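First up is the structure itself, then whatever we jot down about it.
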Amino acid sequence: MCLVYDSTSSESFDGLQYWVDELQQQANAGTLVLCVIASKVDDTEHEEVSIKTATEYAKKINAQIYQTSSKDGTGIQKLFESVSDRLHL
């Protein structure tokens, strides 16, 4: 499951835990594959959530972390390749 937050919004990042809790309640133990995706990483001027903070959170929930930008394409290819590899597609 991919959990996306806006790196320019701490509120968006703070909301991830709700979804993690919800997914963990619904999934069978040990079957949940999570990744945390930072979007808008191109907008460093307005960044509210550091990659360090996001990386620490991802480790805490046993998830991979990806940095992306739909504006300039940063990390998009790597994200799709990594997720498909993890899902054995």
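Quick note: numbers below take in every heavy atom, side chains included, and nothing from hydrogens, waters or symmetry partners. These numbers come from a predicted model, not from an experiment. In what follows, residues are counted from 1 in the order of the sequence shown.
- Leu3 is listed as a side-chain neighbour of Leu23, based on a closest heavy-atom distance under 4.5 Å.
- Among residues two or more places apart in sequence or in another chain, the side-chain contact (heavy atoms from CB on, under 4.5 Å) test is passed with Gln64 by Cys35, Tyr66, Arg86.
- In this structure, CD on Glu45 lies 11.5 Å from OG1 on Thr8, to the nearest 0.5 angstrom.
- Under 3.5 Å, the side chains of Asp72 and Ser69 contain a donor-acceptor pair of N or O atoms.
- Checked against side-chain contact (heavy atoms from CB on, under 4.5 Å), Ile76 has the following partners two or more places apart in sequence or in another chain: Thr68, Phe80.
- The shortest distance between side-chain heavy atoms of Gln17 and Tyr57 falls below 4.5 Å.
- Counting non-hydrogen atoms of other residues, nucleotides and ligands closer than 6.0 Å to CD of Glu11 gives a total of 12 or fewer.
- Environment of CG in Asn62: sparse, with no more than 12 heavy atoms of neighbouring residues, nucleotides or ligands closer than 6.0 Å.
- Taken from CG in Asp6 to CD1 in Ile37, the straight-line distance is 13.0 Å, to the nearest 0.5 Å.
- Remark: side-chain polar atoms of Ser7 are not paired, donor with acceptor, to backbone N or O of Ala38 under 3.5 angstrom.
- Residues forming a side-chain hydrogen bond (donor to acceptor under 3.5 Å, both in side chains) with Gln77 (at least two apart in sequence, or on another chain): Glu81.
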**Request:** Test Lys60 against Glu56 for side chain to side chain contact (heavy atoms under 4.5 Å, CB included), laying out the working first.
**Result:** CA-CA 6 Å; Lys60 178 182 156 189; Glu56 289 170 356; over 6 Å; no

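- Rounded to the nearest 0.5 angstrom, Lys78 NZ and Gln67 CD are separated by 8.5 Å.
- Residues Val36 and Ile61 meet the side-chain proximity criterion, which asks for heavy atoms closer than 4.5 Å.
- For the atom pair OG (Ser10) and OH (Tyr5), the distance works out to 11.0 Å, reported to the nearest 0.5 Å.
- Residues Ile65 and Ile51 have side chains in contact (heavy-atom distance under 4.5 Å, counting atoms from C-beta outward).
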**Asked** When you look at Thr74 and Asp42, which way does the side chain to side chain contact (heavy atoms under 4.5 Å, CB included) test go after all the steps?
**Response** CA-CA 8 Å; Thr74 299; Asp42 60 285; 5.6 Å; no

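- Rounding to the nearest 0.5 Å gives a distance of 7.0 Å between CG of Leu32 and CE of Met1.
- The CD atom of Gln24 sits 11.5 Å away from atom CD of Gln26, with the distance rounded to the nearest 0.5 Å.
- Both Leu34 and Val49 sit in one connected hydrophobic cluster of ILVMFWY residues. Membership requires side-chain heavy atoms under 4.5 Å apart, directly or through other members.
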